[in-house]
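Please read these numbers as outputs of a predicted model, since none were measured by experiment.
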Amino acid sequence: MGHYASKRISRVQKRNQAQLSADHHGKEHECVLHTVKRLTMQQFDRSDDTIFKTNLYKYKRSNWPSMFWQFGLRNPTSFSIPPPTESFPRCSGGFFFTDVDNIVRDPAILQRIADAVEQLNTHPLTLSRWRFVLKHDVFDQLRALSKGAKDTQRIQAAVISLSLFLNQNKCEVMRDWAAEENTAESTAKWAESVARRYHNEYEYFVLVDDIGSMNVHIGCLDQRPSKDLVHLFNVPD
C-alpha cells in the first residue's frame, strides 16, 4: 500500500511539475510577444521624389516601428541602378531650424530649442544626435530687418542673444553651397535642402515656429512650436 501510494504521489508530482513547466514557458512566450513590436517597411521610388513630398511623422511615431527605403533610379538617363538605401533611420536624432522672425519676436526661443537639444541628446535610451542649426546668413537677415524698422531694440536684443548662443556652441550655422547663389532662399526651402542632404543619417527635420512665419507644406519637414519639442521628438516607448 505504501509502495502504491508513493508511486501515486510520484505521478502527481510529475504531472504538477509538467504543468508548472508548461505555465512557465507559456509566460516566457507571452513576455516575448509583448516585447516584440511589428515592424513595417515603406518603399519609395527615387524617380518621383515621393519620400521628400510625404510627411512621415505619424509613421515615425507609430507604435509599429517603420523603416523607409528608396529604390530605383533618380535620373532616368543613368545606366546603373543604385542599391536600395534607408532614409530617416529610427532614433537617429535630427535638426531643429528656426527663422529670424521667430528670434526677433521672442529671443527666448533660442534657449527653448537649445534646452530641447540637450535633453534629447542625453536620453538614456538613445544614441540620437540632435542639432540646432541656423541658416548661414542669419545675421545678414537681422541686419536687413533693422533698416527702417521701428523695433530696432528688439532686433538688437536678438543679435546679442544669438551671438551668445553661438559663442557657447548651443547652436550652429550651416551654409548650403549648392544654393549659394540664391541668397534670398527662405528658411524652409533651405531646411529642405538640408533634409535632402542628410536624410540617410537623421530621422527628423523640424521647423520650430511659434508665430506661423514658416507656414509652408514641405513633406519631409515637420513644423512644431518650441514648447513641446522634447515630448514630440523623444524616443517612442
Side-chain angles (χ1 to χ4, degrees), residues 52-63 66 68 88 90-123 125-126 128-139 141-142 145 149 151 153-166 168-174 176 185-196 198-199 202-237:
F52 297 108
K53 301 174 183 177
T54 307
N55 189 281
L56 302 172
Y57 179 83
K58 66 178 181 180
Y59 301 107
K60 295 175 182 178
R61 307 298 297 180
S62 172
N63 289 330
S66 295
F68 311 99
F88 312 119
R90 273 181 74 79
C91 302
S92 56
F95 289 83
F96 289 128
F97 314 99
T98 195
D99 65 355
V100 294
D101 293 322
N102 274 275
I103 297 172
V104 170
R105 179 69 64 88
D106 182 14
I109 191 174
L110 298 171
Q111 187 64 56
R112 290 193 291 273
I113 299 174
D115 288 345
V117 168
E118 182 178 2
Q119 291 184 57
L120 290 167
N121 281 339
T122 56
H123 193 288
L125 299 179
T126 181
S128 64
R129 300 162 296 152
W130 282 91
R131 299 168 64 179
F132 177 17
V133 178
L134 297 169
K135 197 166 180 279
H136 71 279
D137 61 350
V138 60
F139 285 107
Q141 294 183 54
L142 288 170
L145 282 179
D151 52 355
Q153 290 183 344
R154 181 179 290 182
I155 295 174
Q156 290 175 356
V159 170
I160 293 172
S161 297
L162 182 56
S163 299
L164 290 173
F165 270 75
L166 288 170
Q168 296 169 1
N169 294 321
K170 292 184 177 180
C171 63
E172 56 185 299
V173 296
M174 180 179 290
D176 181 11
E185 181 185 32
S186 70
T187 299
K189 292 297 293 181
W190 165 75
E192 180 187 12
S193 69
V194 175
R196 289 177 177 275
Y198 289 100
H199 66 96
Y202 293 87
E203 183 175 12
Y204 294 104
F205 299 84
V206 187
L207 298 175
V208 183
D209 188 358
D210 290 338
I211 61 176
S213 60
M214 296 183 287
N215 190 18
V216 296
H217 298 284
I218 300 175
C220 59
L221 303 179
D222 297 299
Q223 186 171 351
R224 297 292 185 270
S226 62
K227 63 179 181 178
D228 295 327
L229 297 177
V230 174
H231 170 69
L232 292 170
F233 297 101
N234 62 358
V235 177
D237 294 331

Nearest 0.5 Å, what's the [atom1]-[atom2] distance between [X] and [Y]?
X: D209; Y: R224; atom1: CG; atom2: CZ; value: 11.5 Å
X: W130; Y: E118; atom1: CH2; atom2: CD; value: 15.0 Å
X: I113; Y: K170; atom1: CD1; atom2: NZ; value: 12.5 Å
X: I109; Y: T98; atom1: CD1; atom2: OG1; value: 4.0 Å
X: K227; Y: L232; atom1: NZ; atom2: CG; value: 10.0 Å
X: L221; Y: E192; atom1: CG; atom2: CD; value: 6.5 Å

With a 4.5 Å limit on heavy-atom distance, are the side chains of [X] and [Y] in contact?
X: Y202; Y: V194; answer: no
X: L166; Y: F139; answer: yes
X: N55; Y: K60; answer: no
X: M214; Y: T187; answer: yes
X: D99; Y: S186; answer: no

Side-chain donor-acceptor contact under 3.5 Å, D115 with Q111: yes

Which atoms form the tightest heavy-atom contact between [X] and [Y], and what is the distance?
X: A114; Y: F165; answer: CB-CE2, 3.7 Å
X: C220; Y: A195; answer: SG-CB, 3.9 Å
X: R61; Y: Y204; answer: CD-OH, 3.1 Å
X: I218; Y: A188; answer: CD1-O, 3.8 Å

Criterion side-chain contact (heavy atoms from CB on, under 4.5 Å) on V208 and N102, from CA distance to verdict: CA-CA 9 Å; V208 183; N102 274 275; over 6 Å; no

Derivation of the side-chain contact (heavy atoms from CB on, under 4.5 Å) call for L164 and L110: CA-CA 10 Å; L164 290 173; L110 298 171; over 6 Å; no

With distance as the sole test, does [X] use its side chain to make a donor-acceptor pair with the main-chain N or O of [Y] at under 3.5 Å?
X: S161; Y: A157; answer: yes
X: D210; Y: S226; answer: yes
X: E203; Y: C91; answer: yes

F96 and its side chain to side chain contact (heavy atoms under 4.5 Å, CB included) partner, picked from V133, L134, V206: V206

side-chain contact (heavy atoms from CB on, under 4.5 Å) between L229 and V117, worked out: CA-CA 9 Å; L229 297 177; V117 168; over 6 Å; no

Residues, nucleotides or ligands: over 12 heavy atoms within 6.0 Å of R131 CZ: yes

Enclosure of Q168 CD (heavy-atom neighbours >12, cutoff 6.0 Å): yes

Y57 ring center within less than 6.0 Å of F88 ring center: no

is_close_aromatic(H199, F52), centroid dist under 6.0 Å: yes

Parallel, tilted or perpendicular: ring planes of F205 versus F95, cut at 30 and 60 degrees: parallel

